[in-house]
Amino acid sequence: MKKFFLLMVVLFCTSFMQANATAWVQVDDNDYIDKDSIHYYIDDNKAYDFDKKIFWLKTTDKSAYQDLEVVIKKKISYGLYQNIIDFSNNSIAIKSGAIYDSNGKVLTSYNYRDCKLDWHSIIPDSKASYFADFVKSPRKLQKIYKMQNM
């Protein structure tokens with residue numbers, strides 16, 4: 001009976017870990033979008049905003065972190081950023097983020113309330129425009145994901 005119970009606990013934990021795994025899709029040399037994180041935005045008051053979508057972006061661009069590395073006196077491996085795209089205003093903002101070292105340790109993190117979001121217009125042919133295209137049509141990400149995992 002103890003072995004059966006132990007087996008059930010192990011199976012449960014294994015299935016839980018797999019269900020929460022991220023599905024990063026490489027969209028350019030240094031940027032990855034978690035295809036499963038794309039959802040309609042729920043604001044700080046728990047109301048859905050169907051003009052906005054939220055998603056996680058992973059950035060490994062070393063040149064983007066050079067100034068911050070000098071300030072914190074540590075090497076940065078990558079950053080994770082939760083972005084919001086407002087399709088009605090064609091703008092983007094960062095909701096939260098975290099910067100990690102090569103061991104996966106959080107070096108710094110932040111989270112903004114809706115009233116503190118810094119919205120930026122999405123410039124045509126920019127990275128933000130490229131990301132917005134994937135977020136608006138997640139099937140494109142799904143196709144890339146399948147090709148990357150072949």
Side-chain angles (χ1 to χ4, degrees), residues 10 12-150:
V10 170
F12 175 75
C13 291
T14 304
S15 64
F16 178 74
M17 290 184 334
Q18 290 172 350
N20 291 322
T22 54
W24 295 110
V25 180
Q26 187 171 5
V27 294
D28 66 20
D29 290 341
N30 299 304
D31 297 308
Y32 303 78
I33 294 176
D34 177 7
K35 71 175 185 64
D36 296 333
S37 70
I38 300 170
H39 297 287
Y40 286 108
Y41 183 61
I42 302 172
D43 66 22
D44 289 344
N45 297 318
K46 307 294 184 226
Y48 278 90
D49 188 336
F50 295 106
D51 291 329
K52 298 175 184 170
K53 286 192 174 180
I54 193 162
F55 69 101
W56 281 100
L57 176 73
K58 180 178 184 178
T59 301
T60 59
D61 185 5
K62 303 293 184 200
S63 64
Y65 301 119
Q66 289 175 343
D67 293 340
L68 184 57
E69 285 179 337
V70 171
V71 173
I72 64 174
K73 297 179 175 76
K74 293 187 178 182
K75 283 284 190 194
I76 296 171
S77 181
Y78 63 94
L80 294 179
Y81 305 96
Q82 191 176 38
N83 292 275
I84 307 167
I85 295 180
D86 184 343
F87 290 101
S88 65
N89 293 321
N90 199 34
S91 57
I92 188 168
I94 296 176
K95 178 69 173 170
S96 61
I99 306 294
Y100 295 83
D101 67 10
S102 59
N103 296 323
K105 179 183 174 196
V106 175
L107 299 175
T108 186
S109 65
Y110 50 89
N111 189 16
Y112 298 111
R113 302 221 12 101
D114 287 342
C115 61
K116 299 285 186 179
L117 293 174
D118 189 15
W119 290 96
H120 299 276
S121 294
I122 295 176
I123 300 167
D125 298 325
S126 66
K127 276 189 170 187
S129 173
Y130 187 57
F131 299 152
D133 187 43
F134 283 121
V135 171
K136 193 172 193 172
S137 304
R139 288 183 183 173
K140 293 177 184 179
L141 274 181
Q142 184 64 33
K143 287 179 183 178
I144 295 171
Y145 181 75
K146 285 181 180 177
M147 289 182 353
Q148 289 177 355
N149 289 311
M150 290 178 114

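- The shortest non-hydrogen separation linking D114 to K95 is OD1-NZ, 3.0 Å.
- The pair K127-D31 counts as a salt bridge, with a side-chain nitrogen and a carboxylate oxygen less than 4.0 angstrom apart.
- Of all non-hydrogen atoms in K136 and K53, the two that sit nearest each other are O-NZ, 4.1 Å.
- Within the 3.5 Å criterion, the main-chain N or O of G79 finds a donor-acceptor partner in the side chain of Y65.
- With values rounded to the nearest 0.5 angstrom, L141 atom CG is found 10.0 Å from D36 atom CG.
- Pairing each heavy atom of V135 with each of F87, the nearest pair is CG1-CZ, 4.1 Å.
- I76 is listed as a side-chain neighbour of L68, based on a closest heavy-atom distance under 4.5 Å.
- Listed for the S137 side chain is no donor-acceptor partner under 3.5 Å among the backbone atoms of F134.
- Checked against salt bridge (Lys or Arg N to Asp or Glu O under 4.0 Å), D133 has the following partners two or more places apart in sequence or in another chain: K140.
- The number of heavy atoms from other shown groups lying within 6.0 Å of CG (D125) does not exceed 12.
- Checked by atom type, the side-chain pair D61/T59 shows no donor-acceptor distance below 3.5 Å.
- A salt bridge links R113 to D44: at least one charged side-chain nitrogen sits closer than 4.0 Å to a carboxylate oxygen.
- In terms of modelled atom types and a separation under 3.5 Å, the side chain of D43 and the main chain of N45 share a donor-acceptor contact.
- Of the possible donor and acceptor atoms, one in the side chain of Y130 sits under 3.5 Å from a partner among the backbone N and O of V27.
- With Q82 contributing its side chain and I54 its backbone, the two residues share no donor-acceptor pair below 3.5 Å.
- A side-chain contact (heavy atoms from CB on, under 4.5 Å) with W119 is found for exactly one of I84, N89, I94, namely I84.
- Taking every heavy atom of both residues into account, I123 and S129 meet most closely at O-CB, 3.4 Å.
- Within the 4.5 Å cutoff, the side chain of Q26 has heavy atoms near those of the Q148 side chain.
- The stretch residues 26-48 participates, sequence neighbours left out, in these ring pair (Phe, Tyr, Trp, His ring centres under 6.0 Å) pairs: Y40-F50, Y48-F50.
- The backbone N or O of N30 sits less than 3.5 Å from a side-chain atom of T60, completing a donor-acceptor pair.
- Using modelled atom types, no side-chain atom of D86 and backbone atom of N90 make a donor-acceptor pair closer than 3.5 Å.
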